Structures are given as structure tokens and as C-alpha cells.
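Hydrogens, waters and symmetry mates are skipped; everything else that's a heavy atom, side chains included, is used. Atoms within a ligand are numbered from 1 in the order they appear, just like the ligands themselves. On a predicted model such as this, the values are computed, not experimentally measured, just so you know.
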Amino acid sequence: MFAPLLTTEVAAAIAAGRPVVALESTIISHGLPRPANHAAAVEFEEILRERGVVPATIAVLDGVPRIGLDAEGIRRIANEDLTKASVRDLPVLAALGRSGATTVAATVRLAALAGIRVMATGGLGGVHRGATTTFDESADLPTIAESAVTVVSAGVKSVLDISATLERLETLSIPVVGYGTREFPAFWLRESGYQLDWAVDSPGEIAAIMRARDELGARQGIVVANPVPLTEQWDPDQHDRVLEEAFAAADAAGVRGKAVTPFLLGYIVTASGGRSLEVNLDLARNNVTVAADIAQAWSALSADR
Ligand code: PSU
Ligand code: MN
């Protein structure tokens, strides 16, 4: 049976309306190198616990969608070569008893099934450059459009087409709210050059938007765009230089299609001497912290209805 398995702790917190934050596992298995990835998975959960929030790291292990992992589960997503699993992979993994690390899309879908309303990630998937011919758009976008989960991210990586991603978010009627900013962040950088219609400064405002969403009967989740603090962002000049180099290298190597993003990301970590990885970890911690505050505010707001 394809029923998500919740840990006792997560199930009890959801039932009691206590704050819970979902965490994805693709960022651990595919987005960060070993062994920094294991340390990050453990740290993200600690950040939540320190704030009185129950962490629910999500993955599919041996065909069972897990909502909340024990230490062994965390070790598996960090150290095993797991498939990157999006929503379309969930039934296949379940039926064949296979394991997979869930993307934002798959995590959001499983979180919504379990009744978890807030998740944190690093960067959102989006529309790839060249999508007008490749059709390459992440399932993260259409999935958030039909799942009542608030996703805290630092925007999308500048290797994607940020303008097209924002247009798709608009078409899909997904609210995009800047957290302390009116500008959509570009993952490693605070600013992308694209303005947002809405900005808020507090977790209570996000919780109020979530409640209004429910009252309106909307299907969509909410994207909270949370920029990396200025002191922690990547130097914009180095960022631009390394990205340009990375695109040129991909072109010269004849890399195409699905292989382009992994190639670029690997190139960028090496060419930046590890700086892009440092920023990646900082922005992810920062997103987890903001998600904790939102989950607290949501729990408080839901309690006094
Ligand atoms: N962006 C990042 N790091 C990541 C990802 C995106 O900066 O690890 C992962 C997330 O799990 C996201 C997924 O959901 O990539 C999107 O992949 P695709 O474009 O194949 O849907
Ligand atoms: Mn794709």
C-alpha cells in the first residue's frame, strides 16, 4: 500500500497542531557533496528542533514514502546513490520497492498528503534556459500550483531562466512573496534584477496569507523568496565570471539536455574554489530558520481560530 509512513514524533505533532517543517532529500543526495551533505541534513533538523519545530525530512526508502527520518534514514539519503525522485517517480518507487531522494515537487506532494503546511529548501526548480526548444521546466512549479504548502527558498539558481520562471509562477497563480525584499533573489545572490509585487517582513504575515488562501479555497501553495543575507552572498563579480566560464565550458564540451545542469553546478563549485558551496549552505540554513518561524506562526494562528 502506498501510504506515507510518519514517525511517531511527526504524527503526534501534526495531530496536535504543533509546528512541523518538511525538508527535501534531493538537496542532500544530489545538491551537496559528501560529507558536507550529511552534516547539513543533521544541522537543518537541529535548527528546527532548537526553535521548537519538529523536522520531517522526506524520502522514499524501499518503496515506503517516509515523512520524518531516523538517524539511519538520514545516513542513507546522504551516503547511498539514490535516484532523484520527482512526483512522477513516486508510484514507480512504491510499486517496485525502490528508494529515491525527493525533489521539492515530490516533497511538497508527500508533505501535503501528510498535512504538513511548510517546507524549506535551498533553491526552487524552474524554467531552464532554452526551454522554448527543450520544454525543460521543473515539475516543482506545477506541483506547487496544486499543493497547499508554503515553500521557503532563496529563489532559483542563475543557471535557470529567472524571467521565464517568474512568468510561469504567475500563470500558475502561485503567490510569490519576498521576505524582507521586493526583489526576487538569485540563489547565491540577493538580487536577480526582477521585482516582486509583494514583500512581507514577518512570519505572522505569511501565516495570515496561508489562512486567507485556505478561506478562498485556493489550491496553490505559496513561494516565500528569502534572499541570502548580504554579508553571506557570493561576490557578484566572481559569480558573473564563473557562470560565464561555466556556460562556455558546457558549450565547448558539447554537453546537452539533462546533463547541462549537473555539469554547470559541478563546474561552478570547483571554479569558485568552494565559495559557491559555502553560500549554498548559508542560504539553506537561513531558509530553514525562516521556515521554522513561519511554522510557529502558522501553528499559533491555527490554534486561536
Ligand atoms: N536547486 C538547487 N539545488 C537543488 C535543486 C534545485 O539549488 O538541489 C533540486 C531540488 O530538489 C529541486 C530539483 O526540486 O533540483 C529540481 O530539479 P528538476 O529541475 O529536475 O525538477
Ligand atoms: Mn527537467
**Student:** Which heavy atom of the protein is the closest neighbour of atom 7 (O) of ligand 1, given with residue, atom name and distance?
**Tutor:** K157 NZ, 2.5 Å

**Student:** Testing the 3.5 Å rule here: is there a donor-acceptor pair between the side chains of H128 and T134?
**Tutor:** no

**Student:** Just go through V108, T26, D140 and tell me whose heavy atom is the nearest to atom 12 (C) of ligand 1.
**Tutor:** D140

**Student:** Atoms of ligand 1 less than 4.0 Å from H128 heavy atoms?
**Tutor:** 19 (O)

**Student:** In D136, which N, O or S atom comes closest to the Mn ion (ligand 2)?
**Tutor:** OD1

**Student:** Identify, by atom number and element, the atoms of ligand 1 in contact range of I27, meaning under 4.0 Å from any of its heavy atoms.
**Tutor:** 8 (O)

**Student:** Please check if any side-chain donor atom of S153 sits under 3.5 Å from a side-chain acceptor atom of T121, or the reverse.
**Tutor:** no

**Student:** What is the nearest protein non-hydrogen atom to atom 1 (N) of ligand 1, stated with its residue, atom name and distance?
**Tutor:** G123 O, 3.4 Å

**Student:** Do T102 and S25 pass the side chain to side chain donor-acceptor pair (under 3.5 Å) test, and can you show the C-alpha distance, the side-chain angles, and the key distance before you say yes or no?
**Tutor:** CA-CA 5 Å; T102 50; S25 43; 3.1 Å; yes

**Student:** Once rounded to the nearest 0.5 Å, what's the spacing between atom CG of N37 and atom CG of L281?
**Tutor:** 9.5 Å

**Student:** Do protein heavy atoms approach atom 4 (C) of ligand 1 to less than 4.0 Å?
**Tutor:** no

**Student:** So, T57 and E45: side-chain donor and acceptor under 3.5 Å apart, yes or no?
**Tutor:** yes

**Student:** Which atoms of ligand 1 are found less than 4.0 Å from any heavy atom of G31?
**Tutor:** 8 (O)

**Student:** Please lay out, stage by stage, how E191 and R182 fare under the test salt bridge (Lys or Arg N to Asp or Glu O under 4.0 Å).
**Tutor:** CA-CA 9 Å; E191 297 180 339; R182 274 293 292 273; over 6 Å; no

**Student:** Looking only at heavy atoms, what is the nearest atom pair of I162 and A186, with distance?
**Tutor:** CD1-CB, 3.9 Å

**Student:** Please report which non-hydrogen protein atom sits nearest to atom 21 (O) of ligand 1, along with the residue it belongs to and the distance in Å to one decimal place.
**Tutor:** S138 OG, 2.7 Å

**Student:** Is it the case that ligand 1 has an N or O less than 3.5 angstrom from some N or O of V104?
**Tutor:** yes

**Student:** Please compare E24, K84, H30 and report which has the shortest non-hydrogen distance to atom 10 (C) of ligand 1.
**Tutor:** E24

**Student:** Is there a path of hydrophobic side-chain contacts, each under 4.5 Å between heavy atoms, that joins I174 and V290?
**Tutor:** no

